[in-house]
Amino acid sequence: MSFHHLCSSPSSLLHDPLPLCNLLSVYPKSTPRSFLSSYNPNSSHFHSRNLLQATHVSVQEAIPQSEKSKLVDVDLPIPEPTASKSYVWVNPKSPRASQLRRKSYDSRYSSLIKLAESLDACKPNEADVCDVITGFGGKLFEQDAVVTLNNMTNPETAPLVLNNLLETMKPSREVILYNVTMKVFRKSKDLEKSEKLFDEMLERGIKPDNATFTTIISCARQNGVPKRAVEWFEKMSSFGCEPDNVTMAAMIDAYGRAGNVDMALSLYDRARTEKWRIDAVTFSTLIRIYGVSGNYDGCLNIYEEMKALGVKPNLVIYNRLIDSMGRAKRPWQAKIIYKDLITNGFTPNWSTYAALVRAYGRARYGDDALAIYREMKEKGLSLTVILYNTLLSMCADIGYVDEAFEIFQDMKNCETCDPDSWTFSSLITVYACSGRVSEAEAALLQMREAGFEPTLFVLTSVIQCYGKAKQVDDVVRTFDQVLELGITPDDRFCGCLLNVMTQTPSEEIGKLIGCVEKAKPKLGQVVKMLVEEQNCEEGVFKKEASELIDSIGSDVKKAYLNCLIDLCVNLNKLERACEILQLGLEYDIYTGLQSKSATQWSLHLKSLSLGAALTALHVWMNDLSEAALESGEEFPPLLGINTGHGKHKYSDKGLAAVFESHLKELNAPFHEAPDKVGWFLTTSVAAKAWLESRRSAGGVSA
């Protein structure tokens with residue numbers, strides 16, 4: 001025969017229905033467990049188990065003796081209670097077993113859940129609420145009221161239920177009923193009702209406790225009003241309430257979202273010292289705080305601390321980290337974080353892809369950005385105007401002409417956004433830098449048809465395009481349009497005109513001098529002195545060039561000097577080129593061109609234009625010749641020229657390729673190093689022999 005046992009005495013089970021709730025603080029739902037467990041015939045006695053694992057609430061109300069006697073009226077032998085345990089042996093096949101189950105508190109708990117559901121479903125008026133409560137079929141005790149309200153979700157009927165229960169049962173701890181009612185409002189994110197209920201508590205003379213404030217604070221956080229959460233947190237002390245560590249940790253998030261960064265970080269420092277438990281939402285806020293302030297290392301430190309504490313990042317945290325690394329222009333770290341995201345089983349969403357496009361696009365990681373773009377298209381995710389423009393701007397900067405056209409066509413065909421002024425600017429820049437005149441003109445026409453007037457940036461690109469195609473008359477016509485539109489040329493625009501002059505045949509340069517003089521008179525004066533071979537006293541040109549350098553922004557100084565030196569080289573005016581290079585060295589515009597060590601002397605040309613690099617080579621050769629042949633200085637074992645290994649984004653040739661050809665023309669003994677890309681090396685013996693042969697031939701001109 002199979003037997004089951006009941007694990008509490010009838011007296012303790014029915015008199016003290018406390019396993020339902022630990023509701024003074026967090027009010028978790030209790031989970032009913034079975035009264036009956038299998039009997040083990042091999043054991044010497046039956047083992048009792050706790051019916052429910054929960055802490056007693058402070059609110060207790062004895063069940064009347066008459067009720068107890070009814071509930072334990074079963075024809076079963078009941079052992080006398082002992083000091084330790086009492087048992088009731090139940091035959092599960094007995095008709096009285098089902099009766100006892102019905103009267104157990106598990107059954108009562110289920111009935112209270114149904115009562116809560118009925119109250120949620122009833123009309124929000126006092127009469128209907130009263131009818132539902134009256135129809136429960138038994139007296140409600142204080143613990144029952146707490147469980148019922150705790151399981152409700154309707155913010156309209158909950159306050160009516162609260163009032164009914166307060167009037168009918170006169171509870172000993174009214175604050176608990178108010179707190180679980182506030183929890184109903186929190187479920188529905190109704191902060192206004194929570195605050196109104198708080199005022200009602202005060203009017204009735206009921207003192208709020210920690211749970212009251214914690215519930216309102218969490219409701220404010222859920223509603224996205226962190227400043228209100230801060231206000232309620234700062235009220236706690238005036239009511240004699242001391243927040244616990246959980247609440248304090250939550251306030252890191254609230255203060256951070258409310259803009260009080262100092263307080264948020266102060267609490268976080270305290271949290272680390274006192275080892276508070278911090279949730280992922282709070283860590284997310286900390287990452288946002290550091291990201292907004294530009295402390296990108298701080299973002300990564302928070303991420304590492306999370307992992308060390310065993311807090312699993314959520315998708316929001318991964319997205320914020322990727323975005324922060326994008327702002328920091330650290331695409332390699334964005335890649336690592338994205339890999340972690342995938343490895344940990346998360347599926348990237350639109351925000352993930354958008355952050356990656358921005359991160360790769362800003363850093364000009366062209367292939368990576370385009371891969372993410374195509375993945376978004378495959379998944380049917382739409383792009384915003386900003387994302388399209390980020391991709392187009394990247395393509396313009398790295399010379400991805402065909403890809404830019406593909407992205408632009410996709411943008412025109414999509415239904416979610418239309419090209420704006422920035423879109424057309426980037427597209428025109430792509431075509432202009434690659435010398436595609438007809439495409440650039442077509443894009444400019446589309447821009448005007450779309451209602452956007454070309455900006456100075458766009459017209460600068462157009463002039464660059466015409467200059468690359470050597471259409472000097474179109475350059476002059478576009479310059480006149482700039483003046484007609486009332487646009488004042490800036491340093492970048494004037495630098496573009498200067499760059500066009502370096503690509504213009506000498507017989508047509510005169511057409512552009514007038515434009516340069518109108519745009520920037522000081523630049524026009526310097527250019528005229530170079531082009532028209534004006535005879536001037538010693539030091540006059542240097543004075544004019546120095547005044548020009550002083551008048552322009554630091555971001556264009558090197559570009560101006562590069563173009564001026566290129567112009568000199570094109571006009572075969574090497575002395576002027578050397579004078580401008582020396583001026584750049586004096587102004588620290590050119591730095592680190594030459595270096596010396598015990599084993600190698602080097603010339604570094606990576607940041608120079610072709611003309612400036614050739615001029616620097618000429619100066620270096622003169623210095624080497626003077627050191628070795630006139631001063632008798634010993635060379636180190638190696639001499640090297642570093643041109644860098646990159647190529648111009650809109651050209652198939654880099655400086656290294658051009659220099660290799662030039663060094664061969666000079667019959668110089670420098671050869672490209674097989675293990676050092678962009679380096680040309682020679683030995684001291686070969687260099688000296690070459691310099692001596694050049695001196696014998698009549699000079700060391702490069």
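- In terms of heavy-atom proximity, Gly435 sits nearest to Lys468 at N-CD, 3.7 Å.
- Side-chain contact between Asn570 and Ser506: absent, with no pair of heavy atoms (C-beta onward) separated by less than 4.5 Å.
- Open room surrounds NZ on Lys606; 12 or fewer heavy atoms of other groups in view lie less than 6.0 Å from it.
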Identify every side-chain donor-acceptor pair in residues 472-498 under 3.5 Å, counting partners at least two apart or on other chains, and give the distances.
from	atom 1	to	atom 2	distance (Å)
Asp473	OD1	Lys511	NZ	3.2
Asp474	OD1	Arg477	NE	3.4
Asp474	OD1	Arg477	NH2	3.2
Asp474	OD2	Gln471	NE2	2.6
Arg477	NH2	Tyr466	OH	3.2
Thr478	OG1	Asp474	O	2.8
Asp490	OD1	Arg492	N	3.3
Asp490	OD1	Phe493	N	2.8
Asp491	OD1	Lys520	NZ	3.3
Asp491	OD2	Gly553	N	3.1

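- For the atom pair Lys688 NZ and Leu624 CG, the distance stands at 11.0 Å (nearest 0.5 Å).
- Side-chain contact annotation: Asn349 with Asn319, donor-acceptor N/O pair under 3.5 Å present.
- Closest approach of Asn562 and Ala612 over heavy atoms only: OD1-CB, 3.5 Å.
- Side chain of Lys329 to main chain of Arg362: no donor-acceptor pair is present (N/O by atom type, distance under 3.5 Å, no hydrogens or angles).
- Between the side chain of Lys412 and the main chain of Pro419, no donor-acceptor pair closer than 3.5 Å is present.
- From Gln600, atom CD reaches atom CG of Asn642 across 9.5 Å, with rounding to the nearest 0.5 Å.
- Remark: aromatic rings of Phe659 and Phe680 are distant, center separation not under 6.0 Å.
- Relative orientation of the Phe405 and Tyr431 rings is tilted, given thresholds of 30° and 60° on the angle between their planes.
- Taking every heavy atom of both residues into account, Thr416 and Leu383 meet most closely at OG1-O, 3.6 Å.
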message: Please determine whether side-chain contact (heavy atoms from CB on, under 4.5 Å) holds for the pair Asp410 and Tyr373, giving the CA-CA distance in whole Å, both sets of side-chain angles, and the decisive distance to 0.1 Å.
response: CA-CA 11 Å; Asp410 175 44; Tyr373 160 70; 2.8 Å; yes
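- Annotation for Ile386: atom CD1 does not count as buried by contact number, only 12 or fewer foreign heavy atoms lying within 6.0 Å.
- Side-chain contact check for Ser461 and Thr429: at least one donor-acceptor pair (N or O, by modelled atom type) lies under 3.5 Å.
- The environment of CD in Gln409 is crowded: more than 12 heavy-atom neighbours from other residues, nucleotides or ligands sit within 6.0 Å.
- A donor-acceptor contact shorter than 3.5 Å is absent between the side chain of Ser393 and the backbone of Thr390.
- At a cut-off of 3.5 Å, with distance as the only test, a side-chain donor of Tyr353 or Lys379 sits close to an acceptor on the other residue.
- Checking side-chain atoms of Trp620 against main-chain N and O of His604 turns up no donor-acceptor pair under 3.5 Å.
- With Ser661 contributing its side chain and Ala657 its backbone, the two residues share no donor-acceptor pair below 3.5 Å.
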Verdict with reasoning, Asp418 to Tyr388, per side chain to side chain donor-acceptor pair (under 3.5 Å): CA-CA 10 Å; Asp418 296 314; Tyr388 275 118; over 6 Å; no
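- Annotation for Val458 and Met447: closest pair CG2-CE, 4.0 Å, computed over non-hydrogen atoms.
- Asp566 and Ser609 form a side-chain donor-acceptor contact under 3.5 Å, judged by distance and modelled atom types alone.
- With rounding to the nearest 0.5 angstrom, the CG atom of Leu593 is 7.0 Å from the CG atom of Leu603.
- The distance from the OG1 atom of Thr352 to the CG atom of Leu341 is 5.5 Å, given to the nearest 0.5 Å.
- The two residues Val430 and Leu392 have their closest heavy-atom pair at CG2-O, 4.3 Å.
- With hydrogens and angles ignored, the 3.5 Å screen pairs no side-chain donor or acceptor of Ser684 with any backbone N or O of Phe635.
- The two residues Leu321 and Ile337 have their closest heavy-atom pair at CB-CD1, 3.7 Å.
- By the 6.0 Å contact criterion, NZ on Lys543 is open, its count of non-hydrogen atoms from other residues, nucleotides or ligands being 12 or less.
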query: Would Met501 and Cys563 count as a side-chain contact (heavy atoms from CB on, under 4.5 Å) if you check the C-alpha gap in whole Å, the side-chain angles of each, and the deciding distance to 0.1 Å?
result: CA-CA 8 Å; Met501 293 182 78; Cys563 286; over 6 Å; no
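- Taking 4.5 Å as the limit, some side-chain heavy atom of Leu561 sits within range of a side-chain heavy atom of Ile549.
- Salt-bridge check for Glu517 with Lys528: passed, with a basic side-chain N closer than 4.0 Å to an acidic carboxylate O.
- Judged by the 6.0 Å and 45° rule, Arg330 forms no cation-pi pair with Tyr296.
- No donor-acceptor pair under 3.5 Å is formed between the side chain of Thr615 and the backbone N or O of Cys578.
- Within the 4.5 Å cutoff, the side chain of Arg576 has no heavy atoms near those of the Leu571 side chain.
- No more than 12 heavy atoms of other residues, nucleotides or ligands sit less than 6.0 Å from atom CG of Asn572.
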task: Could you walk me through whether Phe541 and Leu530 pass the side-chain contact (heavy atoms from CB on, under 4.5 Å) test, one step at a time?
output: CA-CA 9 Å; Phe541 176 79; Leu530 291 177; 3.6 Å; yes
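- For Lys522, the NZ atom is densely surrounded, since the number of other residues' heavy atoms within 6.0 Å is greater than 12.
- With contacts defined as side-chain heavy-atom distances shorter than 4.5 Å, the pair Asn389/Ser426 does not qualify.
- Remark: the Asn499 side chain and the Gln503 side chain contain an N/O donor-acceptor pair separated by less than 3.5 Å.
- For the residue pair Asp340 and Thr343, no side-chain donor N or O sits within less than 3.5 Å of a side-chain acceptor on the partner.
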message: Go through it in stages, so that I can follow the logic: the residues are Val385 and Met411, the test is side-chain contact (heavy atoms from CB on, under 4.5 Å), and I'd like the CA-CA distance, side-chain angles, deciding distance and then a yes or no.
response: CA-CA 8 Å; Val385 175; Met411 185 180 186; 4.0 Å; yes
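- Note that NZ of Lys542 and CD of Glu579 are 7.5 Å apart. Values are rounded to the nearest 0.5 Å.
- Counting only heavy atoms from C-beta outward, the side chains of Cys417 and Thr384 never approach each other to under 4.5 Å.
- For Arg374 and Glu378, the salt-bridge test fails: no basic side-chain N is under 4.0 Å from an acidic carboxylate O.
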task: Apply side chain to side chain donor-acceptor pair (under 3.5 Å) to the pair Asp420 and Thr423, showing each step before the final yes or no.
output: CA-CA 5 Å; Asp420 61 9; Thr423 309; 2.8 Å; yes
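- Distance check: Ile428 CD1 to Gln446 CD gives 9.0 Å after rounding to the nearest 0.5 Å.
- Here the side chains of Val658 and Leu614 are not in contact, with every heavy-atom distance at 4.5 Å or above.
- Legend: ring pair (Phe, Tyr, Trp, His ring centres under 6.0 Å) pairs involving residues 552-593, not counting sequence neighbours: none detected.
- Between Phe670 and Trp690, the ring planes lie perpendicular to each other; the angle is over 60°, past the 30° to 60° tilted range.
- Sorted by first and then second residue, the salt bridge (charged side-chain N to carboxylate O under 4.0 Å, His left out) pairs involving residues 427-446 (not counting sequence neighbours) are Asp402-Arg436.
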